[in-house]
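This report refers to the structure that appears directly beneath it.
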Amino acid sequence: MSKQLFLNVNDYLVQSVMKKMSWITEQLNTPVKMLGNYYSCVLDRELNQRQTWALVEVQAAFFLGMLPMGYSLVFRLIVLLWLVAAVKRCRRLL
C-alpha cells in the first residue's frame, strides 16, 4: 500500500514539474512568436520559429559588427565571418 502511495506522489510531482516546464517554455516563446508575426507581416509570408531566429541572428551579427566601439580588428573579422555565415543560413531557410 505504501509503495502505491509513494508512486502516486511521484507521478503527481513529475506531472507538476512537467506542467511548470511547459508553462515556462510557452512564456519564453511568446516574444519570439510575436516577433515572428511581425516579420511575417513585413515580408508578406508566413515564417516559422526557426526562420525568425535566423533573422534575429543576422540582425544581432550586423549590429554587433557596426557598432562604433573600439573593438580590435580580429574581433571585427570574427563578427564579419559570423555575419556572412548567418546571412547564408538565413537565405537557405527563407
Side-chain angles (χ1 to χ4, degrees):
M1 177 75 172
S2 79
K3 260 188 175 177
Q4 184 67 25
L5 181 61
F6 185 70
L7 288 176
N8 288 340
V9 170
N10 276 346
D11 288 344
Y12 174 75
L13 288 174
V14 167
Q15 288 176 356
S16 175
V17 168
M18 292 299 286
K19 283 182 183 179
K20 280 286 188 199
M21 291 300 292
S22 115
W23 181 82
I24 290 170
T25 303
E26 184 179 322
Q27 295 301 313
L28 291 175
N29 282 333
T30 300
V32 175
K33 289 178 185 175
M34 291 171 56
L35 191 59
N37 289 337
Y38 171 74
Y39 286 149
S40 293
C41 289
V42 169
L43 296 174
D44 288 330
R45 60 183 285 192
E46 193 65 30
L47 296 179
N48 61 26
Q49 192 170 1
R50 190 171 183 193
Q51 292 168 328
T52 302
W53 276 114
L55 287 169
V56 169
E57 181 185 7
V58 168
Q59 288 179 339
F62 176 78
F63 286 121
L64 187 62
M66 295 300 132
L67 287 176
M69 295 190 181
Y71 294 132
S72 69
L73 186 59
V74 174
F75 180 78
R76 289 196 180 262
L77 182 63
I78 291 171
V79 171
L80 179 65
L81 293 174
W82 175 36
L83 177 63
V84 170
V87 168
K88 284 183 180 180
R89 201 170 22 255
C90 187
R91 290 190 71 183
R92 189 182 72 233
L93 288 173
L94 292 178

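In this chain, numbering begins with 1 at the start of the sequence shown.
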Connected via hydrophobic side-chain network under 4.5 Å: Met34 and Val32
no
Take Trp82 and Ile78, measure what side chain to side chain contact (heavy atoms under 4.5 Å, CB included) needs, and give me the verdict at the end.
CA-CA 6 Å; Trp82 175 36; Ile78 291 171; 5.6 Å; no
Please list all pairs passing the side chain to side chain donor-acceptor pair (under 3.5 Å) test where one or both residues lie in residues 28-38, with sequence neighbours left out.
Asn29-Gln49
Do any N or O atoms from the side chain of Gln51 and from the backbone of Asn48 form a donor-acceptor pair under 3.5 angstrom?
yes
Report yes or no: do Phe63 and Met66 belong to one cluster of Ile/Leu/Val/Met/Phe/Trp/Tyr joined by side chain heavy-atom distances under 4.5 Å?
yes
To the nearest 0.5 angstrom, please state how far the CE atom of Met21 sits from the OG atom of Ser16.
12.0 Å
Treat each ILVMFWY residue as a node, draw an edge where side-chain heavy atoms are under 4.5 Å apart, and state whether Trp53 and Val58 are in one component.
no
I need the Leu83 CG to Glu57 CD distance, nearest 0.5 Å.
9.5 Å
Is there a path of hydrophobic side-chain contacts, each under 4.5 Å between heavy atoms, that joins Leu67 and Phe75?
yes
Do you reckon Val42 sits in the same ILVMFWY cluster as Leu47, going by side-chain contacts under 4.5 Å, direct or chained?
yes
Trp23 side, atom CH2; Leu28 side, atom CG - distance, nearest 0.5 Å
9.0 Å
Exactly one of Leu35, Leu93, Leu43 clears side chain to side chain contact (heavy atoms under 4.5 Å, CB included) with Leu55, and that residue is Leu43
Is the count of non-hydrogen atoms from other residues, nucleotides or ligands lying under 6.0 Å from Tyr39 atom OH greater than 12?
yes
